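Letters A, B, ... are given to chains in the order of the sequence lines, protein chains preceding strands, and every chain is numbered from 1. Heavy-atom basis, side chains included; hydrogens, waters and symmetry copies ignored. Predicted model, so just to flag it, every value in this text is computed and none were measured.
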Amino acid sequence: MTQFAFGKCLRLLKPSDFQAIFNNAPLRASHKHLLVLARPNGLDRPRLGLVIAKKHIRLAVQRNRIKRIARESFRIQQHKLAGIDAIVLARRELDHFDNAKLQQIFRQQWRRISDKANKHQQTRQQEQTQCQNSRLS
RNA sequence: AGAGUCGGCCCGGCAGUCGCUCCGGCGUCAGCUGCGCCAUUCUCUCGAGUGUGGCGCGGCGCGGUGGGGAGGAAAGUCCGGGCUCCGCAGGGCAGGGCGCCAGGUAAUUCCUGGGGGGCGUGAGCCUACGGAAAGUGCAACAGAAAGUAUACCGCCAGACCGCCUGCGGGAGGUCGGGUAAGGGUGAAAAGGUGCGGUAAGAGCGCACCGCGCAGCUGGUAACAGUCUGCGGCGAUGGUAAACCCCGUCCGGAGCAAGACCAAAUAGGAAUCCAUUGGCGUGGCCCGCGCCGGAUUCGGGUAGGUUGCUAGAGGUGUGCGGUGACGCACAUCCCAGAUGAAUGGCUGUCCACGACAGAACCCGGCUUACAGGCCGGCUCUGACU
RNA sequence: UGGGGUGUAGCCAAGCGGUAAGGCAGCGGGUUUUGAUCCCGUCAUGCGAAGGUUCGAAUCCUUCCACCCCAG
């Protein structure tokens, strides 16, 4: 089952990678205890970054747990998110959910991101075709 | 059996499946890259540069495979070290820590053993426990008086004043005295109990207890004593987590320390000479560095590599020691990430799983915490 | 991860061994026809929490808790 691997090429590794998404994130999915920012990266694979602040999630054990669940969920869903860079930001009280509930929340957010990504791509294609049409006419 | 106390150990187990990270070894048809050799193209200053191809070796990546992968507190950062840089970490001042004694240790404010004091029937537990006769200070309010102690009420005899009288004296007032037994205040008022003593009282005297000083004995010492002698004890009140004194220890920063490779960008950097002045450096001074002159060419931001885990290491046995611990031998290698791994899901078993996540490494302390296992000892009850 | 700092009423704060100033806000009353101004009074069960030293602690000591700042 090699297609579900989650190596270093599927993660955001540099501060510049993170900064690029914070500066321009056309795809957003918000939840009461969670925020996902994303943008197309022009690659054939998705990449994930995690920002779990100590200010919001106090205990290191809880921060680790949230990161594990987020990565696991991303790993399962990676084929629906191809070509997208995503950052997950934790908000306050995200550690109040158990593992099953967290997985459910993440699955929901990934679906919303992939839907928006498809729509975004369509609109861009439409814009391009419109441009071409207008130029033709 | 119940209650208690001290010490040691464990931190869900098993199976399946999908992942992460490090290490070893294997493969690599195709991918990226370094080095060497060979062949060859072009250039010319004719033995160098450049391009292409082949072979070999290596690295990255990829694919199998084997193995390792959080804690007793990984936490708080309260102490102590190692390590690294600041020239050496040296002298003085300032500042700070510690504080019964002896030992252990790399070191400590830690640990072990001992002493004093307190708690408990006991096993045991707790203990910032040097000095107040070096000096300075503090004690609000209350109280007569709060440190060279003190006379408010009271008690006592005396002198004087007038009053009553059964002429013995009695009650009252004033005056200057005696007194620390009694009352009252306070957190605290300066030995206790008893007998004697006295005008009333008082270590004023005596007995016992307590206290102080000196000696002797025991102990390395702290200290102890049915020991001896001396002192009536207003000697020497409390407070040093008040200043302080005495003894003892401490240079400063911290792996984001530091070292190396290096796009970009800027014009400086290194060595030697000079040491008056200016600037800088750990809190300050001594000290040290820079600014000046001469000579020589490299410098180091993004990013990467390293530091980075074999250590005051674990386990076992023997020996020394009351013990902390030390010595010897054998044996084992047991996380090393870096946008940051050590996990998800399913099934199953049970005592239904607490507190909680390594970030340079150790030794302690403190705080959080569901439960389980083992051993020593004490008390109470029953039976033999 | 390392280094440093701060907690006193709803807010801003002084005090740093002897019964917690002051200002703003709030509440009650007075002045005024009413309001503003002004005047008077009131508001901390105890100084982030728990122990300890002391006769006495916001203050001194110890251990915790919360918040903030600095360094890639």
TODO: For B:C334, measure the glycosidic angle (O4'-C1'-N9-C4 for a purine, O4'-C1'-N1-C2 for a pyrimidine) and name it syn if it falls within 90° of 0, otherwise anti.
DONE: syn
TODO: Quick one: look up who B:U317 pairs with, Watson-Crick or G-U, both distances under 3.5 Å, and put none if it's unpaired.
DONE: B:A328
Open item on the list: Both distances below 3.5 Å, Watson-Crick or wobble geometry, any strand: find the nucleotide opposite B:C155.
Closed with: B:G178
Task: Glycosidic class, syn or anti, of C:G10 using a 90° window around 0 - done: anti
Open item on the list: Quick check on B:U309: syn or anti? Syn means the glycosidic torsion is within 90 degrees of zero.
Closed with: syn
Just list the side-chain donor-acceptor pairs under 3.5 Å for residues 63-73 of chain A, sequence neighbours left out, or say none.
residue : atom : partner : partner atom : Å
A:R63   : NH1  : A:I57   : O            : 3.0
A:R63   : NH1  : A:R58   : O            : 3.0
A:R65   : NE   : A:Q62   : OE1          : 3.1
A:R65   : NH1  : A:F97   : O            : 3.2
A:R65   : NH1  : A:N99   : OD1          : 2.8
A:R65   : NH2  : A:Q62   : OE1          : 2.9
A:R65   : NH2  : A:D95   : O            : 3.2
A:R65   : NH2  : A:F97   : O            : 3.0
A:E72   : OE1  : A:R75   : NE           : 3.4
A:E72   : OE2  : A:R75   : NH2          : 2.7
A:S73   : OG   : A:W110  : NE1          : 3.0

Open item on the list: How many whole angstroms separate atom CD1 of A:I76 from atom P of B:U346?
Closed with: 12 Å
- [ ] Could you classify B:G64 for me, syn or anti, using a glycosidic angle within 90° of 0 as syn?
- [x] syn
Task: Inter-nucleotide P distance (B:G91, B:A235), Å rounded - done: 48 Å
Distances under 3.5 Å only, N/O to N/O: pair up the protein atoms with those of nucleotides 67-72 of chain C.
residue : atom : partner : partner atom : Å
C:C67   : OP1  : A:R58   : NH2          : 3.4

Task: Flag, side chain of A:R112 to backbone of A:S30, donor-acceptor distance under 3.5 Å - done: yes
Open item on the list: Rounded to whole Å, please give me the gap between CG in A:L59 and P in B:G76.
Closed with: 11 Å
- [ ] Send over the distance from A:Q104 CD to B:C345 P, rounded to a whole Å.
- [x] 13 Å
Open item on the list: If you assign A:K54 and A:V51 each to the RNA chain B nucleotide with the nearest heavy atom, which residue ends up on the more 5' nucleotide?
Closed with: A:K54
Task: Same-atom distance (C1') from B:A106 to B:G82, integer angstrom - done: 8 Å
Task: Integer angstrom distance from the P of B:G130 to that of B:G238 - done: 14 Å
What protein N or O atoms touch nucleotides 340-343 of chain B N or O atoms at under 3.5 angstrom, if any, and at what distances?
residue : atom : partner : partner atom : Å
B:A340  : OP1  : A:R11   : NH1          : 3.4
B:A340  : OP2  : A:R71   : NH1          : 3.2
B:A341  : OP1  : A:R71   : NH2          : 3.1
B:U342  : OP1  : A:R68   : NE           : 3.3
B:U342  : OP2  : A:R68   : NE           : 3.0
B:U342  : OP2  : A:R68   : NH2          : 3.3

Open item on the list: Among residues at least two apart in sequence or on other chains, which ones pass side-chain contact (heavy atoms from CB on, under 4.5 Å) with A:N24?
Closed with: A:P26, A:R39
Task: Between B:C345 (C1') and A:F74 (CZ): distance, integer Å - done: 19 Å
Open item on the list: So, using side-chain contact (heavy atoms from CB on, under 4.5 Å) as the criterion, who are the partners of A:L10 when residues are at least two apart?
Closed with: A:F6, A:R45, A:P46, A:Q78
TODO: Sticking with atom P, work out how far B:U127 lies from B:A145, rounded to a whole angstrom.
DONE: 43 Å
Task: Protein-to-nucleotide contact annotation, 5' to 3' order, nucleotides 10-16 of chain B [B base; S sugar-phosphate only; - none; under 4.0 Å, heavy atom] - done: -------
Task: Complement of B:G347, any strand, by Watson-Crick or G-U distances under 3.5 angstrom - done: B:C14
- [ ] Tell me the partner of B:G184, counting only Watson-Crick (N1-N3 plus N6-O4 or O6-N4) or G-U wobble (N1-O2 and O6-N3) with both under 3.5 Å; none if nothing fits.
- [x] none
Task: Watson-Crick or G-U counterpart of B:C230, or none if no pair lies under 3.5 Å - done: B:G212
- [ ] Between B:A139 and B:A242, how far apart are the C1' atoms? Round to whole Å, please.
- [x] 12 Å
Task: Inter-nucleotide C1' distance (B:G287, B:U136), Å rounded - done: 38 Å
- [ ] Round to the nearest Å and state the distance from A:D98 atom CG to B:G344 atom C1'.
- [x] 13 Å
Open item on the list: If the glycosidic angle sits within 90 degrees of zero it is syn, else anti. Tell me which applies to C:G46.
Closed with: syn
- [ ] May I ask you to say what A:Q103 touches in the nucleic acid, namely base, sugar-phosphate or nothing, with a heavy-atom cut-off under 4.0 Å?
- [x] sugar-phosphate
- [ ] Both distances under 3.5 Å, Watson-Crick or G-U wobble: report the partner of B:C360, or none.
- [x] B:G82
- [ ] Could you check how far NE2 of A:H79 sits from C1' of B:G19, rounded to whole Å?
- [x] 13 Å
TODO: Could you work out the separation of B:A240 and C:U62 based on their P atoms and round it to a whole Å?
DONE: 16 Å
TODO: Whole angstrom is fine here: how far is it from CG in A:D95 over to P in B:A356?
DONE: 12 Å
TODO: Taking A:H33 for its side chain and A:R92 for its backbone only, find out whether a donor-acceptor pair lies under 3.5 Å.
DONE: yes
- [ ] Please give the nucleotide sitting opposite C:A71 as a Watson-Crick or G-U wobble pair, both distances under 3.5 Å, or none.
- [x] C:U1
Task: B:A189 versus B:U248 - spacing of their P atoms, nearest Å - done: 40 Å
